[in-house]
Amino acid sequence: MIYADNAATTKMSEAALRTMVTVMNENYGNPSSLYRFGQRAKEILEAARADVASVINAEPREITFTSGGSEADNQAILTAAELGRKKGRKHIISTAFEHHAVLHTLKKLEQNGFTVTLLDVHENGLIRPEEVEAAIQEDTCLVTVMYANNEIGTIQPITEIGAICRAHGVLFHTDAVQAIGHLPIDVKAQNIDMLSASAHKFHGPKGVGFLYVKKGIRISNLIEGGAQERGKRAGTENVAGIASCAAALKEAAAGMDETAANLKVKRDRLIAGLREIPHSALNGDETQRLPSNVNFCFEGIEGEALLLLLDQKGIMASSGSACTSGALDPSHVLLAIGRVHDVAHGSLRLSIGEDITDEEVEEIIGSVKEVVAYLRGFSPIWRDLTAGKKPFIL
Ligand SMILES: *Cc1c(COP(=O)(O)O)cnc(C)c1O
């Protein structure tokens with residue numbers, strides 16, 4: 001079995017697993033309890049906060065733990081919207097290929113009187129900073145642009161975007177769920193006001209993540225209740241999950257350069273191998289992309305059929321994001337970079353992990369070639385294309 005869907009979720013690291021079980025076993029106290037056992041849980045919580053803060057060059061009090069990336073995205077955007085509303089600034093800038101946790105939150109704000117500019121994504125899967133700047137209006141309260149895209153892996157120029165937002169006095173949020181633990185992040189140097197993270201994308205547990213909010217920005221809470229997380233996120237803290245999240249992030253950050261260098265070699269071999277398939281194309285820039293991400297379109301096939309046949313060969317991959325698979329609509333990300341429907345349907349995302357071997361890389365290439373050829377063998381679209389009834393796009 002080859003697991004090549006690390007953008008959907010990752011396997012927990014040994015350190016993350018050990019930390020989680022140890023905390024669950026040895027300290028099940030409530031951090032809000034006053035006796036020492038509870039206070040020990042509070043110490044574990046605060047140590048985790050300090051650890052994740054230091055990885056992104058933030059201060060511990062700038063970190064709010066959440067149930068994951070989606071919650072952090074919701075809270076960041078609603079925080080900026082609330083601040084904007086108070087100043088009569090109700091315009092938000094984002095991009096057409098954000099995660100649905102961002103896009104759907106923006107939709108809701110549009111129904112509540114906000115206007116949203118979704119920037120076009122260029123064919124290479126990148127946003128241009130000058131286009132962000134040009135979209136800023138008097139009443140813009142937020143720019144939210146993801147650090148790395150979850151489907152095509154392209155890395156956005158967020159340092160430049162952060163500088164532009166700072167110069168214009170507009171809040172800048174980045175969904176860094178795919179980037180954190182995999183790419184360097186320095187919230188101060190990069191002028192990031194808010195950042196979302198999720199533990200299960202960097203070998204931590206599911207259902208835990210965090211939101212960084214620069215000090216001085218008043219956070220709106222999504223969940224009312226007790227005074228946990230400085231009153232900004234009620235509910236007894238997931239202490240074991242939070243400690244495990246911090247352990248996973250520290251480990252990922254420490255090994256980041258080496259992991260990236262190793263993954264890049266394998267990614268580039270996959271790209272070269274899959275390019276040998278006729279009428280195929282890589283989605284997204286070849287180098288400005290996550291070291292783990294390969295995303296292709298193959299003309300004349302259905303991505304779903306490709307995935308099912310790869311699964312039978314023991315290869316786990318994706319056609320887009322896990323959140324949209326199951327729906328037959330083509331990926332909004334591939335449409336955003338200009339792929340037409342027919343082509344976008346034939347997509348494959350491979351997101352590899354650091355333990356993948358060279359043999360497994362070759363096995364993936366061989367299997368994809370075989371399955372694409374097999375599916376094209378009885379595809380009516382492929383027959384029309386090869387008969388010249390329809391022009392090839394790729
Ligand atoms: C996975 C993902 C999310 C959602 O995170 P959850 O912890 O699963 O809620 C948000 N944004 C991006 C870019 C993601 O890849």
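Since this is a predicted model, take the numbers as computed values, not measurements. Each ligand, and each atom within it, is numbered from 1 in the order the structure gives.
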Any side-chain donor-acceptor pair under 3.5 Å between Thr95 and Glu98? yes
Distance-only check: which donor-acceptor pairs under 3.5 Å involve side-chain atoms of residues 246-254, not counting sequence neighbours?
{"from": "Lys250", "atom 1": "NZ", "to": "Asp51", "atom 2": "OD2", "distance (Å)": "3.4"}
{"from": "Glu251", "atom 1": "OE1", "to": "Ser13", "atom 2": "OG", "distance (Å)": "2.8"}

Just distances here: any N/O of Gly69 and N/O of ligand 1 closer than 3.5 Å? yes
Could you check whether Lys42 pairs with Glu237 (Lys NZ or Arg NE/NH1/NH2 to Asp/Glu carboxylate O, under 4.0 Å)? no
Once side chain to side chain donor-acceptor pair (under 3.5 Å) is applied, what residue pairs with a partner in residues 120-136 remain, sequence neighbours excluded? His122-Arg128, His122-Glu131, Glu133-His168
Around atom OH of Tyr28, are there more than 12 heavy atoms from other residues, nucleotides or ligands closer than 6.0 Å? no
From atom 3 (C) of ligand 1, work out which of His99, Met146, His200 has a heavy atom at the shortest distance. His99
Is it the case that ligand 1 has an N or O less than 3.5 angstrom from some N or O of Ser67? no
Would you say ligand 1 has an N or O under 3.5 Å from any N or O of Glu71? no
Could you tell me whether Asp73 approaches ligand 1 through its side chain, its backbone, both or neither, with non-hydrogen atoms closer than 4.0 Å? side chain
Report, in ascending order of atom number, the atoms of ligand 1 lying under 4.0 Å from any heavy atom of Gly68. 7 (O)
When you check the side-chain N and O atoms of Gln190 and Thr159, is any donor under 3.5 Å from an acceptor? yes
Less than 3.5 Å between some nitrogen or oxygen of Ser70 and one of ligand 1, yes or no? yes
